[in-house]
Amino acid sequence: MNGASAMEEDKDDQKSGIGEMKTTSCHVFGDSFSIRIIENIKEDYGLFVWPCSVILAEYVYQQRSRFAATATVVELGAGTSLPGLVAAKLGCDVTLTDEADKVEVLDSMRALCKLNNLNCKILGLTWGVWDKSLFELRPRFILGADVLYDASAFDNLFATVAFMLQSSPGSCFITTYHNRSGHHLIEYLMMKWELKCVRLLDGFSFMPSSKASGLSGNIQLAEIISIREKR
């Protein structure tokens with residue numbers, strides 16, 4: 001059970017397929033609002049709210065004065081999209097993205113927007129692929145929860161992030177990740193793509209105790225900017 005949410009089984013959403021179960025979790029932010037997430041767990045596939053997502057969503061809420069209405073936000077590898085949905089609830093212009101070939105995930109994003117009565121753009125975006133949609137994005141904030149888990153994808157991720165940061169002066173990439181091995185690779189790729197970390201926080205340092213008590217792991221939050229902007 002996710003300590004950041006009151007999770008109850010939604011029997012209407014359950015299916016008879018082997019190894020498949022759907023639940024609905026409710027994530028509350030202060031006295032302001034809540035976001036409902038449909039989580040789907042199968043034997044060979046997971047689409048559920050990870051601790052990094054809960055922490056990043058809480059950070060977006062606590063930084064809501066920065067995420068002023070009409071601010072443009074792109075969430076990478078969004079999955080259940082909790083941070084992006086919080087930004088949308090705050091009035092931001094949000095684009096939720098995940099890999100272009102993950103049709104089920106993209107469909108789930110549309111369902112989540114409808115469930116929460118939010119109007120977000122849904123986009124299939126594969127890191128390291130330079131298509132028209134990427135060139136059209138001009139976010140003020142790029143969000144990424146637990147996107148630094150597969151070292152083989154790091155270079156493509158940073159290439160995509162660097163391109164968007166350089167194309168949108170004054171923008172930043174905010175990410176939460178488990179403090180696993182691979183930090184030297186992350187540091188190398190940040191240098192390679194001319195990126196700089198301007199804020200690094202313990203992910204639990206700003207979490208309300210009621211939410212933090214149900215989460216585990218050594219999770220950090222970083223704000224990253226480009227040191228080179230396109231002219």
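Hydrogens, waters and symmetry mates are skipped; everything else that's a heavy atom, side chains included, is used. Treat the numbers as computed from the prediction; the structure is a model and nothing was measured.
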Ignoring hydrogens and geometry, is there a side-chain-to-backbone donor-acceptor pair from [X] to [Y] under 3.5 Å?
X	Y	value
R228	Q166	no
T160	N156	yes
T175	A222	no
S168	P139	yes
D146	T176	no
D98	L106	no
T72	D93	no
E58	F206	no

Problem set entry | Distance in Å, L189 CG paired with F154 CZ, rounded so as to fall on 0.5 Å steps | 8.0 Å

Problem set entry | From I37 atom CD1 to S53 atom OG, the distance as rounded to the nearest 0.5 Å | 7.0 Å

Got more than 12 heavy atoms from elsewhere within 6.0 Å of [atom1], [X]?
X	atom1	value
Y188	OH	no
N119	CG	no
N117	CG	no

Exercise. Quick one: salt bridge (charged side-chain N to carboxylate O under 4.0 Å, His left out) partners of R66, sequence neighbours excluded?
Worked result: E223

Problem set entry | Cation-pi check, K211 onto F29 ring (under 6.0 Å, within 45° of axis) | yes

Problem set entry | side-chain hydrogen bond (donor to acceptor under 3.5 Å, both in side chains) partners of S32, counting only residues at least two apart | Y61

Problem set entry | Hydrophobic cluster identity match, V74 and I225, side-chain contacts under 4.5 Å | no

